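Values reported hereafter were calculated over all heavy atoms of this structure, with side chains retained and with hydrogens, waters and symmetry mates removed. Computed from a predicted model, the values in this text were never measured in an experiment. Remember, it's 1-based here, ligands and their atoms both numbered in the order they're listed.
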Amino acid sequence: MLKVEKVTKRYGKVVANNDISFEVEPGQIAVLLGPNGAGKSTIIKCIAGLLRFFGRVEIDGKDNKSLEAKRVLGYVPEIPAIYDLLTVSEHMEFIKRVYRLDDDGYEEELLKRFELWDKKDKLGKELSKGMQQKLSICCALLYKPKVIIFDEPMVGLDPHAIKQLKNMLLEFRERGKTILISTHMLDSVEDYWDVAHIMVEGSIKATKYNREGGDEKSLEELYFEITEGRVAEQ
Ligand code: ADP
């Protein structure tokens, strides 16, 4: 469970997040949509504990700054933070030591699914951008976090990796994990989101639940109504 309560974050005079509140339940995939500059990365970084902010974030019932919360939170940043001089295997080893993990075969499964198993001995700096992104995803998933937040996860991935990631997201939902994904690419989430929050200029302007049925507007229609409506008003 992820609970964001009245989060406000300012960079100088810029209000990047203005009183943001939402919850993501276990077994739910929530997406944050919005144009560039809407404040998606900022709220993700606040949740990940990388920024100071006003308000409160709870992860699995614990304040996000606590060790207990960090233990169960997986974070895939927009720009992969890879060590140049560690190999793919050494990245995995690092995570295993930090989280005191036993070898249960999950490392091999993850690396194989993301086509990194045969690149185990390559250094971080020898990997392509897409491979670094895949390694970053493997690092965040290896300790089997209950709550996983992804910042623009599909950017830079090849179609195979996108398919794998989507399948994994659906598996995680089945297993009751709490998932939050930020993206500006509407198509990339079209088929698997449960709840979508549309952000504009630091605020959530609309929330839509999937499978509402009836004559509801599609997510795409709602998105353009809100984001382009704003442009028209200016
Ligand atoms: P998004 O992820 O939706 O593209 P961001 O959260 O990156 O949006 O940015 C929200 C707003 O905060 C933008 O106006 C952006 O220029 C500003 N911003 C983001 N990071 C910083 C920073 N480190 N310093 C100053 N302003 C920032």
Side-chain angles (χ1 to χ4, degrees), residues 2-24 28-59 64-65 69-70 73-82 129-130 132-134 136-137 139-140 147-157 161-162 165-166 169 178-190 192-208 219-234:
L2 167 67
K3 209 169 176 179
V4 174
E5 278 177 332
K6 297 180 170 295
V7 168
T8 294
K9 171 68 191 172
R10 292 188 188 84
Y11 296 107
K13 284 186 183 151
V14 176
V15 185
N17 286 160
N18 186 9
D19 203 28
I20 300 278
S21 297
F22 63 88
E23 289 181 14
V24 191
Q28 205 176 44
I29 299 179
V31 296
L32 287 173
L33 293 168
N36 294 324
K40 307 181 295 297
S41 281
T42 301
I43 190 72
I44 293 272
K45 285 181 195 152
C46 288
I47 296 168
L50 300 176
L51 296 174
R52 287 173 197 272
F53 56 89
F54 292 101
R56 183 172 166 84
V57 174
E58 269 182 23
I59 292 159
N64 74 329
K65 288 163 211 96
K70 287 178 182 169
L73 177 73
Y75 167 49
V76 179
E78 186 175 9
I79 298 163
I82 297 300
K129 272 269 141 49
Q132 290 186 351
Q133 173 73 350
K134 292 193 281 190
S136 168
I137 293 171
C139 287
V147 179
I148 315 169
I149 51 177
F150 295 89
D151 197 355
E152 302 280 2
M154 308 294 179
V155 174
L157 291 185
I162 289 177
L165 183 58
K166 282 188 178 175
L169 291 171
T178 302
I179 300 164
L180 176 68
I181 303 166
S182 97
T183 183
H184 66 284
M185 291 157 66
L186 203 47
D187 322 348
S188 71
V189 294
E190 195 53 63
Y192 60 82
W193 58 281
D194 295 309
V195 54
H197 301 288
I198 302 176
M199 286 187 73
V200 179
E201 291 176 355
S203 304
I204 293 179
K205 291 281 174 354
T207 294
K208 180 174 169 61
L219 181 58
E220 192 175 6
E221 282 169 330
L222 184 64
Y223 180 89
F224 285 117
E225 189 179 293
I226 287 167
T227 55
E228 292 182 351
R230 174 185 62 96
V231 172
E233 277 162 26
Q234 285 176 347

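Side-chain contact, S182 with D151: a donor N or O sits under 3.5 Å from an acceptor N or O.
The neighbour count for R56 CZ, taken as heavy atoms of other residues, nucleotides or ligands under 6.0 Å away, is above 12. The number of heavy-atom neighbours closer than 6.0 Å to NZ of K6, taken from other residues, nucleotides and ligands shown, is 12 or below.
Counting the atoms of ligand 1 from 1 in the order shown, those under 4.0 Å from a heavy atom of N36 are 4 (O). Atoms of ligand 1 lying under 4.0 Å from at least one heavy atom of A38, given by number and element, are 1 (P), 3 (O), 8 (O).
Nearest protein heavy-atom neighbour of atom 1 (P) of ligand 1: G37 N, 3.5 Å. Nearest protein heavy-atom neighbour of atom 17 (C) of ligand 1: Y11 CD1, 3.9 Å. Protein heavy atom closest to atom 2 (O) of ligand 1, with residue, atom name and distance, is S41 N, 2.8 Å.
T42 places no side-chain N or O within 3.5 Å of a backbone atom of A16 that could act as its donor or acceptor partner. Here the side chain of T183 pairs a donor or acceptor atom with the backbone of M185 at under 3.5 angstrom.
Distances from ligand 1 to the non-hydrogen atoms of P35 include at least one value under 4.0 Å.
Considering I44, I43, L33, T42 only, the shortest heavy-atom separation from atom 5 (P) of ligand 1 involves T42.
Polar contact check, A16 against ligand 1: no nitrogen or oxygen pair lies under 3.5 Å apart.
In this structure, atom 7 (O) of ligand 1 is in close contact with the protein, since a protein heavy atom lies within 4.0 Å of it. Within a 4.0 Å radius of atom 15 (C) of ligand 1, the protein contributes no non-hydrogen atoms.
P35 and T227 get closest at one heavy-atom pair: CD-CG2, 3.8 Å.
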**OP:** List the steps, then state whether side-chain contact (heavy atoms from CB on, under 4.5 Å) holds for V195 with Q28.
**Re:** CA-CA 8 Å; V195 54; Q28 205 176 44; 3.9 Å; yes
